[in-house]
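The analysis underlying the following values was restricted to heavy atoms, covering all of them including side chains, and did not include hydrogens, waters or symmetry mates. Per chain, numbering begins at 1; letters A, B, ... match sequence-line order.
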Amino acid sequence: MASELELSSTFIPSLYKPAALLPIARHRQNLLYLIETFSITIVIGHTGSGKTTQLPQYLDQAGWTTEGKIIGVTQPRRVAATTVATRVAEEMRCKVGEEVGYSIRFEDVTSAATRIKFLTDGMLLREALVDPLLSRYSVIMVDEAHERSLSTDVLLGVLKKIRNMRPELRIVISSATLQAEDFLRFFASGEAKNEHDGEVGGGVGRIISIEGRMYPVDILFLEKPAEDYVERAVKTVFDIHTREADGDILLFLTGREEIDNAIQKISEGAAIFHPKAQALLPLPLYAGLTNEQQLYVFEPAPENTRKVIVSTNIAEASVTIDGIVFVIDCGFAKLRAYNPNTGIETLTAVPISKASATQRAGRAGRTKPGKCFRLYTQHSYELLPETTTSEIQRSNLASVVLQLKALGIDNIVRFGFLTTPPAELVIRAFELLYSLGAVDDYAKLTKPLGVRMAELALEPMMGKALLSAPSFGCLSEVLSVAAMISLQGSVWILHEDDKKATENARRKFAVEEGDHLTYLNVYHAFTTKGKKDSKWCRDHSLNYQSLSRAVSIRTQLKRYLARYGIQADESVSSTMQQSDPSKLSESVRRCLTAGYFAHAAKMQPDGTFKTVNGGLTLHAHPSSLMFNRKADWVIFHEIQENRDKIFIRDVTRVEKNWLLEYAPEYYKVS
DNA sequence: GAGCACTGC
């Protein structure tokens, strides 16, 4: 420790502004006082205030890491956990994994010396399965809590429960201004009243605001509503380019199609109207791009060139780009919602919230004063909801219910959620879990099935299929299928200009029986013929990063199963060629049916599908093998409504009698 | 004939 102190007085960090200059430094004493005094501290501060990097260090220096206790800081995203850990380690002059570490899925970079640990909130929930009181932590800081992700909300509920049993635990919540009082009220509810009556939070906690290092952003609205916001956005890009000072532009649209469209229009316009002026460089940004493709937006523009980054919501919170001076906000975002009555997810563009609009505008003021052009009227803005509906109110909650059950929360209905999810969502989740055998008649987790399903990092239906695999003699295969399905569609690389290339590549691996066995084929080729080689992947339009991830996921799932005494015999059936391929294919499809019986459909003469009760018309997604193939009965992984059609994705042929065989209760009526 | 964003000892 002595040598460390000496070092820090001799050297000044060169990479970053000295920490003493950050806005948070002035609040150091007050922050430490509040955390010492109150169980809950809500910290309001923008990105750049230093709350994430400095506060854990203050706490460490103030003695919160003595006697083997550690400070945990959760993030909603993996990248944030790793980058912040790296930065704090630099400031503390240690290697990541020593005094400062991080823990995310597949990567635990911590050691016995670790005192400050950055981790995803999902990961902290995992830890709670083993250590229900999170007893190693003296302080837990939940960063970016205002984003209200599914796991943040579950974590907040769990922390509130833990606080009752561990009053010495300190909880710090980082929030945007708008929601700070909600967080405090949440933790204060159920507390006995005291002398602080009348004040939000009473004696439980306090809110502290730390001013961020932000530059002013001028907000401009349209006078009249725009008829076509993509067109209006492109026009605004050119207006900025010709009339405003230097600085890059960030344009928010809702999805890939709009983005490609806008980029084309910007390129065309730039070529015609401004042949000699400063050039415009339009760049797309959305999650579907590979990491490599995303990196372009971070590179400085060539000389005499203005970057125009055309992005989805990914640039609102997940990705931060320097040098943005102008933001154009279309006022919409695509949002996922789940209908508990039909079991169908929708993905539609909806108006954003005021909080979201503020966040978007803030992206313009990170390096100097900026401007935000909103492609809607001030009147429409006033009508927007304050905040976006939290995920827990619009998601399929099967996994959440399973997780809470595994954490020992028996009464889900009475569980203290920050926002109580609609009862229909909870009921629907229980119905599915019951039909899968994960919970019993008394809504208790079954042993060992339900307990294991909760532990596996898989959706309940896939978890059930995987745990059934040994009895079908296809564990090795279903492990691979489960890993590939976990990639959520990022198996293939989509070529913007050459759509046939992807199709041709798909055809090479196609298996008649459907998408799941095609995935198995791809996985097998990747780990044998492909030799886990990135060039081989590029040649076959496959996403190298995703497939490497599938290998990690498979390894992790296999390790879990091994702990249950379930061994995958890789030597006998690791290739489909070795045993009778058609028999193996049947086993895999039977096994999938045992997990996915609730996602079954029957093909109609016109090639569309009908749900089991006959109510809804479904279409095979064009990315599915079953898009132009014949089948009778199928099971599918995902069902989603886009615009006017309901699509099913990851579709595989099954037999009707398998449905009756593996889910007699579920199908007894029909 | 077509994909918002995240994540799991």
Side-chain angles (χ1 to χ4, degrees), chain A residues 74-81 103-108 110 117 119-131 134 144 147-155 252-260 285-289 311-319 330 332-337 345-350 352 356 388 391 394-395 399-400 402-403 406 453-459 462-463 482-483 486-494 496 499-500 502-503 506 549 552-553 556-557 559-560 563 607 619-624 626-628 638 640-643 645 647-649:
Chain A
T74 71
Q75 297 290 329
R77 282 169 293 278
R78 293 161 56 94
V79 233
S103 175
I104 59 178
R105 190 178 185 185
F106 309 126
E107 282 181 72
D108 183 4
T110 60
K117 178 167 166 181
L119 69 176
T120 51
D121 34 25
M123 202 62 168
L124 189 59
L125 281 171
R126 293 255 124 191
E127 288 189 9
L129 281 179
V130 181
D131 175 11
L134 296 172
E144 316 288 357
E147 288 187 22
R148 302 288 308 272
S149 76
L150 219 44
S151 30
T152 302
D153 269 24
V154 173
L155 179 61
F252 284 102
L253 295 175
T254 67
R256 188 198 156 107
E257 197 182 332
E258 282 177 9
I259 289 171
D260 290 346
L285 180 63
Y286 45 86
L289 297 172
S311 172
T312 60
N313 239 3
I314 192 171
E316 195 180 300
S318 312
V319 173
C330 76
F332 286 84
K334 278 193 188 171
L335 225 59
R336 216 145 74 163
E345 264 183 355
T346 50
L347 187 62
T348 40
V350 294
I352 58 171
S356 207
T388 311
E391 266 190 335
R394 51 182 168 88
S395 301
S399 299
V400 170
L402 202 54
Q403 192 172 32
M453 276 172 64
E455 227 173 19
L456 285 172
L458 289 174
E459 281 173 32
M462 187 54 96
S486 297
L487 301 179
Q488 300 177 152
S490 63
V491 173
W492 307 95
I493 291 174
L494 303 175
E496 278 168 57
K499 284 186 180 169
K500 276 190 181 163
T502 316
E503 274 316 301
R506 267 200 193 121
R549 189 175 157 82
S552 306
I553 295 172
Q556 193 184 50
L557 293 173
R559 206 172 56 231
Y560 274 113
R563 240 183 37 201
H619 299 261
H621 192 272
S623 67
S624 168
M626 284 302 151
F627 177 65
N628 46 20
E638 199 179 22
Q640 196 175 69
E641 187 175 355
N642 281 352
R643 298 202 181 111
K645 274 186 183 169
F647 290 106
I648 52 177
R649 269 185 251 212

Can you identify which nucleotide, out of [options], has its nearest atom closest to the [X] side chain?
{"X": "A:Arg549", "options": "B:dG8, B:dA5, B:dC4", "value": "B:dG8"}
{"X": "A:Ser623", "options": "B:dC4, B:dG3, B:dG8", "value": "B:dG3"}
{"X": "A:Arg649", "options": "B:dG3, B:dC9, B:dC4", "value": "B:dG3"}
{"X": "A:Phe647", "options": "B:dC9, B:dG8, B:dA2", "value": "B:dA2"}
{"X": "A:Arg77", "options": "B:dG3, B:dT7, B:dA5", "value": "B:dT7"}
{"X": "A:Ser318", "options": "B:dC4, B:dC9, B:dA5", "value": "B:dA5"}
{"X": "A:Arg563", "options": "B:dC9, B:dG8, B:dC4", "value": "B:dC9"}
{"X": "A:Glu391", "options": "B:dA5, B:dG1, B:dG8", "value": "B:dA5"}
{"X": "A:Thr312", "options": "B:dC9, B:dC4, B:dG1", "value": "B:dC4"}
{"X": "A:Pro622", "options": "B:dG1, B:dC4, B:dG8", "value": "B:dG1"}

By the 4.0 Å heavy-atom rule, please label [X] as base, sugar-phosphate, or nothing.
{"X": "A:Ser151", "value": "nothing"}
{"X": "A:Gln556", "value": "sugar-phosphate"}
{"X": "A:Asn642", "value": "sugar-phosphate"}
{"X": "A:Gln640", "value": "nothing"}
{"X": "A:Ile314", "value": "sugar-phosphate"}
{"X": "A:Ala333", "value": "nothing"}
{"X": "A:Leu150", "value": "nothing"}

- Heavy atoms, side chains only, cut-off 4.5 Å: are A:Glu641 and A:Thr348 in contact?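 Result no, sub-4.5 Å side-chain heavy-atom pair not found.
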
- Note on the structure: Taking every heavy atom of A:Glu316 against every heavy atom of A:Phe252, the minimum-distance pair comes out as N-CE2, 3.7 Å

- Task: Identify, between A:Arg78 and A:Gly489, the residue whose nearest nucleotide on DNA chain B lies closer to the 5' end.
- Result: A:Gly489

- Query: Whole-Å distance between B:dG3 P and A:Arg256 CZ?
  - Reply: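 The distance from CZ of A:Arg256 to P of B:dG3 comes to 10 Å, rounded to the nearest Å.
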
- Salt bridge A:Arg77-A:Glu147, side-chain N to carboxylate O under 4.0 Å: yes

- Message: Determine whether a donor-acceptor pair (one donor, one acceptor, N or O, separation below 3.5 Å) exists between the side chain of A:Gln488 and the base of B:dT7.
- Response: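 For A:Gln488, whose side chain was compared with the base of B:dT7, there is a donor-acceptor pair (under 3.5 Å).
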
- Query: Hey, is the main chain of A:Arg148 close enough, under 3.5 Å, to the side chain of A:Thr152 for a donor-acceptor pair?
  - Reply: no

